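As the structure is a prediction and not an experimental result, all values here were calculated from the model. The figures here come from the full heavy-atom set of this structure, side chains too, leaving out hydrogens, waters and symmetry mates. Just so it is clear: chains get the letters A, B, ... in the order the sequence lines come, proteins before strands, and each one is counted from 1.
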There are 2 protein chains.
Amino acid sequence: MSQDDAGVDLETSLGYLLKEASSSLRAAMEAVLRPLGMTVTHYSCLELLAQRPGLSNSELARGAFVTRQSMNVLLQALERDGYVTRPAEAPVGKVLPTRLTPKGRRSLAKASAAVRSVEVRMLGGMTQAEQSAAYASLQSMIRSLRD
Amino acid sequence: MSQDDAGVDLETSLGYLLKEASSSLRAAMEAVLRPLGMTVTHYSCLELLAQRPGLSNSELARGAFVTRQSMNVLLQALERDGYVTRPAEAPVGKVLPTRLTPKGRRSLAKASAAVRSVEVRMLGGMTQAEQSAAYASLQSMIRSLRD
DNA sequence: CACGGTATGTCAGAATGCTGACATGAGTCA
DNA sequence: TGACTCATGTCAGCATTCTGACATACCGTG
C-alpha cells in the first residue's frame, strides 16, 4: 500500500500516466481479442492493411510499433493461414505489397468490433471537448519527442 | 488521406494515438538511459523504490507494468550488483521489502535527471492548461478501462 | 479452530520481440 | 557511368518477458 509521499511524485507525472493508460488499453484489447485467437499486433496488422491495402512489411512494422523482423514473422504466419497474400516476386524493387484475403477481412471484422467496444468504453467518461483536448495533447507530445 | 470504411480509423483513433505517444516516450527514454547502462524497467524500479522505500517485488512489478516474475529476475540482478538490498528472510509473511543502497541512489540520480529532461521536452509545446487537460484525460481513460 | 480465497516469492519452460548481419534494389550526385 | 547512401526483406542468435506451476503465508467467514 502507499506510505509517505516524500520525493518526486510519480502520480503526477504525465509520462507515468501515459504508460499506465497505454498499458491498461493494451490489457483491455488483449482481453477481447484472446477469445478470437488474435493478438494486438495481429489485429493491428490486419487493421492497417484494411485501411491501406498494399502496405509493405516495413511500413506495417512501423505502423504497429514493432521491428520489421518481428512483423515479417507475423506476416509469414498470416500468409500461411490464408489471412493475407503477398506476391512471390516484388513488382518493383524489393517491396512486397501485402493485401487482405476475404478470410482476413472476415476475421478483421469481428476483431474490429471488439476493439471498437473497448475504445468506446475508454472514452465513456469523457465529453467531446475532453476527447478533442486529449487528441491534441497526445499529438503535441508525439511531435515534441520526434526531434 | 481520410478513408471512411467500416474499420477503426487509425488516423483519428485515440487508442492508436495513445500507443504512438507511449511508444515515442519509451524510445526517447531508452535513448537517454542507454548511455547510463540502464533500461526503462530498470529505472522505473529504482524510481519507485526512491519514492516508496520497502516496496515488495509484486508491488514493484505492478508499478512498472511487468509481471512479478520479470521483476524478480531484475531485482536479483540489482541486488547482485549492489543497487538494492533485500532481507534474507521475510520480517512478516513472505513479503521481502526492498530498499535502495547508496550506490543505487547515486545511479538513480543521474538517470532521473535524464528522464526528467525527456519529460520536459515532451511537455515543451504544451501550455499549463493543456497539460492539466491531458492529465485529466489520461486518468479518465484509465478509470474507464479499470472496470 | 478449520476452512476456502487471495496474495506472495520463486523455479522452469515457452513464446515473443529484438539486435546483428547480409544481399539486393532504388535513388542521388559528381 | 560509377560510387555512395539509404531502405527493404530475410536469416540467425540472443535477450527479455510471459505463462504455468508450486509451496507458503495472511485474512476473512463459518
Hey, does the side chain of [X] reach the backbone of [Y] with a donor-acceptor pair shorter than 3.5 angstrom?
X: B/Thr101; Y: B/Tyr83; result: yes
X: A/Gln76; Y: A/Val73; result: no
X: B/Ser117; Y: B/Ala114; result: yes

Distance check needed: [N] [atom2] versus [X] [atom1], whole Å only.
X: A/Glu59; N: D/dC6; atom1: CD; atom2: P; result: 19 Å
X: B/Gln69; N: C/dA15; atom1: CD; atom2: C1'; result: 14 Å
X: B/Met38; N: D/dT16; atom1: CE; atom2: P; result: 15 Å
X: A/Leu96; N: D/dA7; atom1: CG; atom2: P; result: 18 Å
X: B/Met71; N: C/dT10; atom1: CE; atom2: C1'; result: 15 Å
X: A/His42; N: C/dA15; atom1: NE2; atom2: P; result: 17 Å
X: A/Lys94; N: D/dG9; atom1: NZ; atom2: C1'; result: 5 Å
X: A/Leu75; N: D/dC11; atom1: CG; atom2: P; result: 13 Å

Exercise for the section: Among C/dT19, D/dT8, D/dT10, find the nucleotide with the atom closest to the side chain of A/Thr67. Expected result: C/dT19
Practice task
Among the candidates D/dG9, C/dC18, C/dG9, find the nucleotide nearest to the side-chain atoms of A/Val66.
Solution key: C/dC18
Under 4.0 angstrom between [X] side-chain N/O and [N] OP1 or OP2:
X: A/Arg62; N: D/dA7; answer: no
X: A/Arg86; N: D/dT10; answer: yes
X: A/Thr41; N: C/dG17; answer: yes
X: A/Arg68; N: C/dA21; answer: no
X: A/Asn72; N: D/dT10; answer: yes

Practice task
Using the side-chain contact (heavy atoms from CB on, under 4.5 Å) rule, take B/Met29 and B/Arg26 through it: C-alpha gap first, then chi angles, then the decisive distance, then the call.
Solution key: CA-CA 5 Å; B/Met29 287 179 65; B/Arg26 167 166 277 263; 5.7 Å; no
Handout entry: Residue closer to the 5' end of DNA chain D, A/Asn57 versus B/Phe65 (nearest nucleotide)
Key = A/Asn57
Completion exercise
d(A/Leu75 CG, A/His42 NE2) to nearest 0.5 Å is 10.5 Å
Exercise for the section: Identify whether any heavy atom of B/Ser58 sits under 4.0 Å from a base atom; if not, whether one sits that close to sugar-phosphate; answer base, sugar-phosphate or nothing. Expected result: sugar-phosphate
Exercise for the section: Looking at every strand, decide which applies to B/Ser56 at a 4.0 Å heavy-atom threshold: base, sugar-phosphate, or nothing. Expected result: sugar-phosphate
Handout entry: Base D/dG9 to side chain A/Gln76, donor-acceptor N/O within 3.5 Å cut-off
Key = no
